[in-house]
Amino acid sequence: MLLLNLVLSAVAAAALPTPESSEGNQSQPFSQNGLAPWNAGAVNRFPIHSSCNSTQRRQIELGLNETITLAEHAKSHILRWSNESAIYKKYFGDSPTMEAIGAYDIVVNGDKKDILFRCDNPDGNCWAGHWRGTNATDETVICDLSYETRRSLSTMCGLGYTVSDSETNTFWAADLLHRLYHVPAIGQNWIDHFADGYEEVIDQAKKNATLATHDSETLQYFALEAYAYDISAPGIGCPGVQHEHESHDEATTTAESTPTATTADKPSSTQDVPANCHTHEGGELHCT
Ligand SMILES: *[C@@H]1O[C@H](CO)[C@@H](O)[C@H](O)[C@H]1NC(C)=O
Ligand SMILES: *[C@@H]1O[C@H](CO)[C@@H](O)[C@H](O)[C@H]1NC(C)=O
Ligand SMILES: *[C@@H]1O[C@H](CO)[C@@H](O)[C@H](O)[C@H]1NC(C)=O
Ligand SMILES: *[C@@H]1O[C@H](CO)[C@@H](O)[C@H](O)[C@H]1NC(C)=O
Ligand SMILES: *[C@@H]1O[C@H](CO)[C@@H](O)[C@H](O)[C@H]1NC(C)=O
Ligand SMILES: *[C@@H]1O[C@H](CO)[C@@H](O)[C@H](O)[C@H]1NC(C)=O
Ligand SMILES: [Zn+2]
């Protein structure tokens, strides 16, 4: 047996290219031919302008890091559960999953060369922050109010926050996700505002699901709810009051005033499930 192994490895070795072959030294693939790596010059961190002082820079950077954390988890949740996730269905209806996966992935892994965050109020209209639009389409301004009000994702489900009843920009992570979707390098003029606010987002998933996977608000709400339910308060989350909801033009009178919890939107997490686990729709057990 030993002899056979030796013979076989000698045969295998003979079939390998020599170090001097055109394949180069595979453990140092770019050292011999002098070409730059295919991705030379990639920008992997969000550029922050010199107008941001050290405390501003640090807070924006921390916020952007949390944006990546939020988007990365949203992508992972969809990749794991696909459209069997009750949270996926709630926000994206019957849409295929690839568009939303891509919308999160581009934030995490897309090149960040054509993006700039700045702090010097160049348009003279600072409030919390804004995308500079036609003034400078790659640029986003962050203003003082952001540093005072935006929260870390670590406070998710605390301090009275619920997904349905709080603003998405409660957190740096979702606020900056929204701002990034306005920048063409990320949103590609494809992610846009179709629905405004939680109720419209929920309606849109039922009535206009093809818009949902490139709707800026929907992508924020889904990411927040998935993070709350999977990470912050596993198996519980903080979805807030769920309305059995009809579209605004049909039923403006009754639907809003009857906050009956919908079983479809509620993960069934209580019976016979270990404390660190929860069931997803379809009966899948998910343990953390
Ligand atoms: C490939 O490069 C590495 C790092 O310089 C070196 O240690 C190794 O010996 C090289 N291999 C060959 C087959 O030349
Ligand atoms: C950065 O700028 C802000 C707003 O002008 C200011 O409050 C803060 O003290 C500055 N930080 C440093 C380290 O200069
Ligand atoms: C943000 O993330 C990068 C990459 O992981 C890290 O090097 C950097 O220190 C982080 N910044 C802050 C302010 O936490
Ligand atoms: C979920 O996705 C599968 C394909 O993976 C599809 O056959 C099914 O119709 C989808 N279900 C819903 C409710 O969208
Ligand atoms: C563009 O700049 C002008 C002032 O030069 C300002 O009035 C306008 O609000 C700016 N646009 C945005 C989107 O900030
Ligand atoms: C669906 O999309 C159309 C076209 O954008 C829009 O007019 C309509 O209000 C949307 N309906 C819902 C319930 O979102
Ligand atoms: Zn916007």
Side-chain angles (χ1 to χ4, degrees), residues 66-67 69-78 80-95 97 100 104 151-175 177-178 195-207 209 212-213 215-248 255-271 273 275-288:
E66 292 196 341
T67 300
T69 300
L70 184 71
E72 176 76 37
H73 180 72
K75 182 182 75 167
S76 299
H77 180 102
I78 301 174
R80 173 63 184 89
W81 300 110
S82 193
N83 66 7
E84 287 167 20
S85 159
I87 302 173
Y88 185 88
K89 279 187 224 171
K90 173 177 173 179
Y91 289 99
F92 299 117
D94 61 5
S95 285
T97 59
Y104 295 122
R151 287 164 37 183
S152 163
L153 268 189
S154 64
T155 71
M156 165 72 78
C157 295
L159 304 171
Y161 174 86
T162 64
V163 177
S164 66
D165 295 326
S166 303
E167 296 294 332
T168 54
N169 67 12
T170 300
F171 302 101
W172 278 110
D175 179 59
L177 183 64
H178 168 211
D196 180 25
Y198 180 82
E199 302 291 346
E200 282 187 29
V201 161
I202 299 300
D203 278 354
Q204 182 175 249
K206 298 189 180 106
K207 306 250 165 68
T213 47
D215 181 81
S216 177
E217 293 245 300
T218 306
L219 291 161
Q220 293 169 65
Y221 274 114
F222 171 81
L224 288 164
E225 188 156 339
Y227 191 88
Y229 186 76
D230 292 339
I231 309 290
S232 303
I236 302 163
C238 44
V241 176
Q242 309 293 299
H243 300 259
E244 188 68 79
H245 205 258
E246 294 165 70
S247 81
H248 293 154
E256 306 280 349
S257 57
T258 53
T260 42
T262 64
T263 46
D265 289 345
K266 279 249 167 98
S268 54
S269 59
T270 40
Q271 342 81 315
V273 175
N276 63 326
C277 301
H278 52 271
T279 50
H280 278 256
E281 196 141 300
E284 299 238 38
L285 191 63
H286 180 200
C287 300
T288 49

Hey, are the side chains of E199 and S164 touching, using non-hydrogen atoms and a 4.5 Å cut-off? no

Is V201 close to D215 at the side-chain level, that is, under 4.5 Å between some pair of heavy atoms? yes

Which atom of [X] lies closest to which atom of [Y], heavy atoms considered:
{"X": "S85", "Y": "H77", "result": "OG-NE2, 2.7 Å"}
{"X": "Q220", "Y": "A174", "result": "OE1-O, 3.5 Å"}
{"X": "M156", "Y": "S232", "result": "CG-OG, 2.9 Å"}
{"X": "L219", "Y": "Y104", "result": "O-OH, 2.6 Å"}
{"X": "A212", "Y": "Q204", "result": "CA-NE2, 3.7 Å"}
{"X": "A209", "Y": "S95", "result": "O-OG, 2.6 Å"}

Are the side chain of [X] and the backbone N or O of [Y] linked by a donor-acceptor pair below 3.5 Å?
{"X": "S76", "Y": "E72", "value": "yes"}
{"X": "D165", "Y": "G240", "value": "no"}
{"X": "S82", "Y": "E84", "value": "no"}
{"X": "Y227", "Y": "L153", "value": "no"}
{"X": "S166", "Y": "T162", "value": "yes"}
{"X": "E217", "Y": "G197", "value": "yes"}

Under 3.5 Å side-chain donor-acceptor pair for H73 and D230: yes

Indicate whether any N or O donor in one side chain lies under 3.5 Å from an N or O acceptor in the other, for Y91 and E225. yes

In Å, rounded to the nearest 0.5 Å, how long is the span from CG of N169 to CG of L177? 12.0 Å

Rounded distance [0.5 Å steps], OG in S216 versus OH in Y221: 11.0 Å

Assess whether side-chain contact (heavy atoms from CB on, under 4.5 Å) is satisfied between T213 and T218, documenting all intermediate values. CA-CA 7 Å; T213 47; T218 306; over 6 Å; no

For C238 and Y161, run side-chain contact (heavy atoms from CB on, under 4.5 Å): C-alpha distance rounded to whole Å, both residues' side-chain angles, the deciding distance at 0.1 Å, then the answer. CA-CA 7 Å; C238 44; Y161 174 86; 3.9 Å; yes

Just jot down the ring pair (Phe, Tyr, Trp, His ring centres under 6.0 Å) partners of Y88, sequence neighbours excluded, or say none. F92

Evaluate the criterion side chain to side chain donor-acceptor pair (under 3.5 Å) for residue pair H178 and T168; output intermediate values, then yes/no. CA-CA 9 Å; H178 168 211; T168 54; over 6 Å; no

